[in-house]
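Below is one structure, written out as structure tokens; the observations come after it.
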Number of protein chains: 2
Amino acid sequence: MQFSKSTGYALHALVYLAGANPGTNLGIRELAEFLGVSESYLSKVMSKLRQGGLVRSAPGVSGGYELAHPAGNITFRAVIEIVEGRQPLYECARFEEHRHSLFRKQGARGHAARECLVQSVMNGAEQELQAYLRAHTIQWVLDNARLSKHANTRG
Amino acid sequence: MQFSKSTGYALHALVYLAGANPGTNLGIRELAEFLGVSESYLSKVMSKLRQGGLVRSAPGVSGGYELAHPAGNITFRAVIEIVEGRQPLYECARFEEHRHSLFRKQGARGHAARECLVQSVMNGAEQELQAYLRAHTIQWVLDNARLSKHANTRG
DNA sequence: ATATTGTGGATATAATTGATCCGCGATCGG
DNA sequence: CCGATCGCGGATCAATTATATCCACAATAT
């Protein structure tokens, strides 16, 4: 139960892109060297981010990557969903079909009550996790970083 | 990024144990049949729970498993930690050593500020997850279940 | 055109998870 | 005591996923 390394690469790469001068394309070479990972592997991750609409890419001589949106609009949640996929944190295997009452919600007032109670606890936990991840953006990292160059919030 | 099936088995097995008559031992056979999983595999999971101190076991003819603590004292968090291990949800690979200022916290007032900012967001998210999991116990499932037999809260 | 740079498929390797088997030892009933 | 029962844990195996690399191709700027 851990986030993949790919997710880590993606997040760090996006922060790096966000910290670069706007309008400039950063090549996979520079990104990979900065993160300490092979170009071939990182390019896979960047492709996912592009397909997910978080970055734009340009081929050719002065090509590379840049953010497709302001860093304040890119949440951790979005990055993780793109890299890890949309699978839920937990899914009951075959307990749904289980007729035993132990895991069935009390069907108070016409509620659907079709969900396993273990499942609903896990879902609740996942909601908490994702709410936090939605509340934090790439820009948040920049805002809290000890930048040597002058930050954009006040010169 | 998903909880393992073992975790699901463990949680459901504990609920089932909690719903059984206190003092009785449930054998691996009944447990496995109820959950729809092989005895051999479930026994591995149960062993972990025993080593973690959540259940007691007895060998021999009328042996089996029973909860080692009241169901209200067994949190989802504890179960998951025992089955999945203690590894954090996310760990920066080699970005710690990275000298780049982008990921370093502002060292406000003698703070340690040694943690990567990406890491600290992920840690914050994990804290939210775990707080929720700590707030829900095996007993919570029983309390919210549509029990056919009379529940222990008044009856 | 040609060097450069990202894309995507195919593939290989490693790590993790899921699952099974079997011999051991403990326990209980006769 | 004896033997059937049952949990324990090591060894093993298969399946899945994560990690990593390579290469042919397309797009771009000079």
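To find a chain, count down the sequence lines: A is the first, B the second, and so on, and within it residues start at 1.
Checked against side-chain contact (heavy atoms from CB on, under 4.5 Å), Ala78(B) has the following partners two or more places apart in sequence or in another chain: Thr75(B). Scored by the salt bridge (Lys or Arg N to Asp or Glu O under 4.0 Å) test, Glu30(B) finds no partners at all (sequence neighbours excluded). Gln127(A) pairs by the side-chain hydrogen bond (donor to acceptor under 3.5 Å, both in side chains) definition with nothing, not counting sequence neighbours. Looking at residues two or more places apart in sequence or on another chain, you find a salt bridge (Lys or Arg N to Asp or Glu O under 4.0 Å) between Arg56(B) and Glu66(B). Residues passing the ring-ring contact (aromatic ring centres under 6.0 Å, His included) test with Tyr132(B) are His136(B), sequence neighbours excluded. Among residues two or more places apart in sequence or in another chain, the side-chain contact (heavy atoms from CB on, under 4.5 Å) test is passed with Glu84(A) by Phe3(A), Ser4(A), Thr7(A), Ile80(A), Met1(B).
Annotation: the terminal axes of the helix from dA1(C)-dT30(D) to dG30(C)-dC1(D) meet at 20°, where each axis is the rotation carrying the C1' atoms of four end pairs onto the next four (5 pairs per end, rounded to 10°).
The local environment of CZ in Arg134(B) is crowded, with over 12 non-hydrogen atoms from other residues, nucleotides or ligands closer than 6.0 Å.
Nearest-nucleotide positions on DNA chain C for Ser40(B) and Arg29(A) put Arg29(A) closer to the 5' end.
Checked against Tyr65(B) for a side chain to side chain contact (heavy atoms under 4.5 Å, CB included), the options Leu17(B), Leu26(B), Leu54(B) give a single hit: Leu17(B).
DNA chain D is contacted by Lys44(A), Pro59(A), Gly60(A), Val61(A) of residues 43-63 of chain A, taking any non-hydrogen atom closer than 4.0 Å.
Nucleotides of DNA chain C that come within less than 4.0 Å of any heavy atom of chain B span, from the 5' end to the 3' end, dG18(C) to dC28(C).
With rounding to the nearest 0.5 angstrom, the CG atom of Asn123(A) is 9.0 Å from the CD atom of Glu91(A). Taken from CG in Asn144(B) to CG in Leu117(A), the straight-line distance is 6.0 Å, to the nearest 0.5 Å.
Taking atom CG of residue Leu17(B) and atom C1' of nucleotide dG7(D), one finds them 14 Å apart after rounding to whole Å. Taking atom CG of Leu42(B) as the reference point, atom P of dG7(D) lies 10 Å away to the nearest angstrom. As a whole-Å value, the separation of Leu31(B) CG from dG7(D) C1' is 12 Å.
Pairs of residues two or more places apart, or lying in two chains, never qualify as ring pair (Phe, Tyr, Trp, His ring centres under 6.0 Å) while including a residue from residues 69-88 of chain A.
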Which atom pairs, one a donor and one an acceptor, fall under 3.5 Å between side chains of residues 37-52 of chain A and the rest of the protein, sequence neighbours left out?
unit_1: Ser38(A); atom_1: OG; unit_2: Ser40(A); atom_2: OG; d: 3.4
unit_1: Ser38(A); atom_1: OG; unit_2: Tyr41(A); atom_2: N; d: 3.1
unit_1: Tyr41(A); atom_1: OH; unit_2: Ser6(A); atom_2: OG; d: 2.6
unit_1: Ser43(A); atom_1: OG; unit_2: Ser40(A); atom_2: O; d: 2.8
unit_1: Ser47(A); atom_1: OG; unit_2: Ser43(A); atom_2: O; d: 3.2
unit_1: Lys48(A); atom_1: NZ; unit_2: Val83(A); atom_2: O; d: 3.1

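A distance-only check finds a donor-acceptor pair linking the side chain of Gln2(A) to the backbone of Pro88(B) [under 3.5 Å].
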Next item on the list: Report, as a single string ordered 5' to 3', how protein heavy atoms within less than 4.0 Å touch nucleotides 13-18 of chain D: B base, S sugar-phosphate only, - not at all.
Entry: -----S
